[in-house]
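Structure first, commentary second.
The chain is numbered in sequence order, starting from 1.
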Amino acid sequence: MNLLFKLFLSMSFSGALLILALLLGKPFLKDKISRQWQYYIWLVVILRLLIPFGPETNLMGRTYQAVDQAIARSASFSRQQTLFLDPKDAPYVGFEPDSEDADQAAEALTTACSFPDSVSPLIRPLRLIWLLVALGMLIRKITVYQSFLRYIHAGLTPVSDLKVLDRLSAAAEQAGIKKPVELCIHPLISSPLLTGFLHPCIVLPDLHISEKDFPYIVLHELTHWQRKDILYKWLVQLTVCLHWFNPLVHLMNREITKACEFSCDEAVLAKAGHDNAQDYGTTLLNAMAAVGKHRETPGTVTLSENKQLLKERICAVMNVRQPSKAAKTGTFILTLCVVFAAAFVGVYTMETAAASDHPVETEDASSSASDRPVEAADAPSSASDRLVEAADAFTEVERYYEEDSLPLFGIAFSRLDESAQKKWLEKLYADDEIAFFSVAVGGLDPASSLFADFAEKTYAEEETAFFSTLADCMDEAELESWLDRALKDGRWNFQSILYDRLDRGDEFDRLEEKQEKEWEEMLRAEYQAAGVTMSGKNYYYQGQLVNVFLDTRANQSFYTLNMNPAGTVNIKIIRDADDKITGAAYLTETEVTELLGDWS
């Protein structure tokens, strides 16, 4: 079986063991330990499922080693039955123990003993099915999420009431958020929600919210943004897609979704004060009462999902207490136990593979040479060694590439001369095999000129993934040189990579923010030249407030779509084939209907 596939399966199995342990321990820990711990401890499991880390000696490695050795012993028994036949029987079995036949037998037996590789024709279709399903699930999740965002953004109406915005600012200050937060209305959602990973926007069904409930609702959504729960959830979704065949991973996804809301409630009360638990619980009840007045939108994560979950959340809210020192100490010890358990379970490693390739010899195999013909017993080992030593390095690399074995490919690649390494790097680049390319780059001599050659090639062809791999091997002076070049050429994607490798991400963020402001100012000037002016989120055309504002690229992809129900005219921006703005025009009723559909 392919080593990489073994590694992935071992990650899934070890992650399943951790999931099972946490699920079994949940009834004992639910009311005795912080809800936030119960939420974030799943990150250890996710890392176990996604990252192949682990000590040399671990449970999963020993399990795989035992299985491999059992297979090897089985093959060894068959080999001994063939090799240790009495010479007088040779004419009947077609075997003469001369040197030529010994070599042929060695080659045949080497193939016979590699039982795991013999099932590769069955494993490859399984790998393909796994990859296709994982990719399909990920694409579907991204598509659904993008559709949901388009649905939300198309119906947003910014809130301009200064009193409401002042209350929002007060809640943001209480949450410790200095970044500007937008507040919008969307009449077709059933519960408050948060959008935007970099620029938070709280969306409410309407403004008919009591002054007592408003701070809690806003604080709840801002807490989600502050903790980067969106990023956490997408990490979980990636894990689910990769391990779609593992039912325990789907159970983990459901538990994390519930734990997210419980921990957010706990974090809100930590900021608002535990004395306000009853008022916060009332806010949850009011949010639940509002569900059903509006149609549900697919993909939303609402303030309250269902009655059963709401009941559990209110009970948890009422039981929230300031953790004691003993509870904090117990939490710390429990965290260490989970982390050590994740390391102990481990994964299938290269050390395990090496141990499996050299299993402990059986009693029969360790018997003295006098008990069996010397030529027949020693031929397989010596002939196999001669075959390996005489094998061409290029052929080995090709074989491991076809078998999709990254570790062995990397070892064999490092034995190639520079001209052969260049040919393979060109092949991997042409095949878009970023994983093999990364391993190959790691096997290059540090002084090799291939680093500079392929850096130039990937930069010229804007292949950022391959350039990023090469950047990992650059020293600080090389990174600075490439950064100067990327700044001069205006290559934002390469600037991001290089700033990150130089640990200067803050500089890139400031540069990006400055560029965005300059771009917005330039766009505002172009709109004004076409007769369209902007005031905040509102657009005006010839003094009239715009209802639907549309600006599309020449390839018909959306560029800007803004809706303001208070507007009286519908406007579109006209661009030429080079995406230069040439003017503005009124949208016809037919165009509006085609664009938005029947919203009534």
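Put simply, the side chain of Y586 reaches to within 4.5 Å of the side chain of I571, judged on heavy atoms. Looking at heavy atoms from C-beta onward, V240 lies in side-chain contact with M137 at the 4.5 angstrom threshold. Proximity of V236 to T257: side-chain heavy atoms (C-beta onward) are nowhere separated by under 4.5 Å. Contact of the L487 side chain with the L483 side chain is registered, since non-hydrogen atoms from C-beta on lie closer than 4.5 Å. Here the side chains of I497 and R501 are in contact, with some heavy-atom distance below 4.5 Å. Annotation: side chain of I434 is in contact with side chain of T469 (closest heavy-atom distance under 4.5 Å). Looking at heavy atoms from C-beta onward, E426 lies in side-chain contact with F454 at the 4.5 angstrom threshold. The shortest side-chain heavy-atom distance between L470 and W482 does not fall under the 4.5 Å cut-off.
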For side chain to side chain contact (heavy atoms under 4.5 Å, CB included), just list the numbers for S263 and Q38, CA-CA rounded to whole Å, side-chain angles, deciding distance to a tenth of an Å, and then say yes or no.
CA-CA 8 Å; S263 66; Q38 296 180 48; over 6 Å; no

For a side chain to side chain contact (heavy atoms under 4.5 Å, CB included) check, start with the C-alpha distance between I46 and M252, then their side-chain angles and the critical distance, and finish with the verdict.
CA-CA 9 Å; I46 292 172; M252 179 191 72; 4.2 Å; yes

Go through the steps for Y459 and D489 under the test side chain to side chain contact (heavy atoms under 4.5 Å, CB included), then give the verdict.
CA-CA 11 Å; Y459 182 83; D489 296 341; 2.6 Å; yes

Run the side chain to side chain contact (heavy atoms under 4.5 Å, CB included) test on L428 and F466 for me, step by step, so that the C-alpha distance in whole Å, both residues' side-chain angles and the decisive distance to 0.1 Å come before the verdict.
CA-CA 10 Å; L428 297 174; F466 288 93; 5.8 Å; no

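Looking at S169, its side chain does come within 3.5 Å of a backbone N or O of L165 through a donor-acceptor pair. The backbone N or O of I574 sits less than 3.5 Å from a side-chain atom of T582, completing a donor-acceptor pair. No donor-acceptor pair closer than 3.5 Å links the side chain of H153 to the backbone N or O of L561. The backbone N or O of A486 lies less than 3.5 Å from a partner atom in the side chain of Q495, making a donor-acceptor pair. Side-chain atoms of Q237 never come within 3.5 Å of backbone atoms of K141 as a donor-acceptor pair (strictly under, hydrogens ignored). E266 contributes a side-chain N or O that, together with a main-chain N or O of R35, makes up a donor-acceptor pair within less than 3.5 Å. No side-chain donor-acceptor contact under 3.5 Å links R127 to the backbone of D404. When atom types are taken as modelled, the side chain of S535 and the backbone of N538 share no donor-acceptor pair closer than 3.5 angstrom. Judged by distance alone, with hydrogens and angles left aside, the side-chain atoms of N564 form no donor-acceptor pair with the main-chain N or O of V546 at under 3.5 Å.
For D229, the side chain to side chain donor-acceptor pair (under 3.5 Å) partners are Y39, H224, R227, not counting sequence neighbours. Taking S147 as the reference, R150 meet the side chain to side chain donor-acceptor pair (under 3.5 Å) condition, with sequence neighbours excluded. A search for ring pair (Phe, Tyr, Trp, His ring centres under 6.0 Å) contacts involving F436 returns Y401, F409, not counting sequence neighbours. For R524, there are no side chain to side chain donor-acceptor pair (under 3.5 Å) partners, not counting sequence neighbours. Under the rule for a side chain to side chain donor-acceptor pair (under 3.5 Å), the partners of K427 that lie at least two apart in sequence or sit in another chain are D431.
Between P187 and G155, the shortest heavy-atom distance links the atoms CD-O, 4.1 Å. Taking each heavy atom of V45 and G15 in turn, the nearest pair found is CG1-O, 3.9 Å. Nearest heavy-atom pair, H186 versus I152, reported as atom, atom and distance to 0.1 Å: CD2-O, 3.1 Å. Contact record, I581 with A530: CG2-CB, 4.0 Å, taken as the closest heavy-atom pair. Residue T157 comes nearest to P565 through the heavy atom pair OG1-CD, 3.5 Å, listed as atom of the first residue, atom of the second, then distance. Across C241 and A134, no two heavy atoms sit closer than the pair O-CB, 3.1 Å.
The number of heavy atoms from other shown groups lying within 6.0 Å of NZ (K537) does not exceed 12. Around CD of Q544, the count of heavy atoms belonging to other residues, nucleotides or ligands within 6.0 Å exceeds 12. Sparse packing is recorded around CZ of R140, with 12 or fewer heavy atoms of other residues, nucleotides or ligands lying under 6.0 Å away.
Rounding to the nearest 0.5 angstrom, the gap separating the CG atom in L479 from the SG atom in C473 is 10.5 Å. To the nearest 0.5 angstrom, N570 atom CG is 10.0 Å from L550 atom CG. Here the CZ atom belonging to R510 is positioned 10.0 Å from the CZ atom belonging to R504, to the nearest 0.5 angstrom. Considering CG of L425 and OH of Y429, their distance stands at 12.0 Å, rounded to 0.5 Å. For the atom pair CG (L219) and OH (Y280), the distance works out to 8.0 Å, reported to the nearest 0.5 Å. Atom CG of residue N253 and atom CH2 of residue W42 lie 10.5 Å apart, to the nearest 0.5 angstrom.
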Under 3.5 Å, side-chain donor or acceptor atoms of residues 242-250 against the rest of the protein: list the pairs with distances, not counting sequence neighbours.
from: H243; atom 1: ND1; to: S12; atom 2: OG; distance (Å): 3.1
from: H243; atom 1: NE2; to: L49; atom 2: O; distance (Å): 2.9
from: W244; atom 1: NE1; to: W130; atom 2: O; distance (Å): 3.1
from: N246; atom 1: OD1; to: L248; atom 2: N; distance (Å): 3.1
from: N246; atom 1: ND2; to: S12; atom 2: O; distance (Å): 3.2
from: N246; atom 1: ND2; to: S12; atom 2: OG; distance (Å): 3.0
from: H250; atom 1: NE2; to: W244; atom 2: O; distance (Å): 3.0

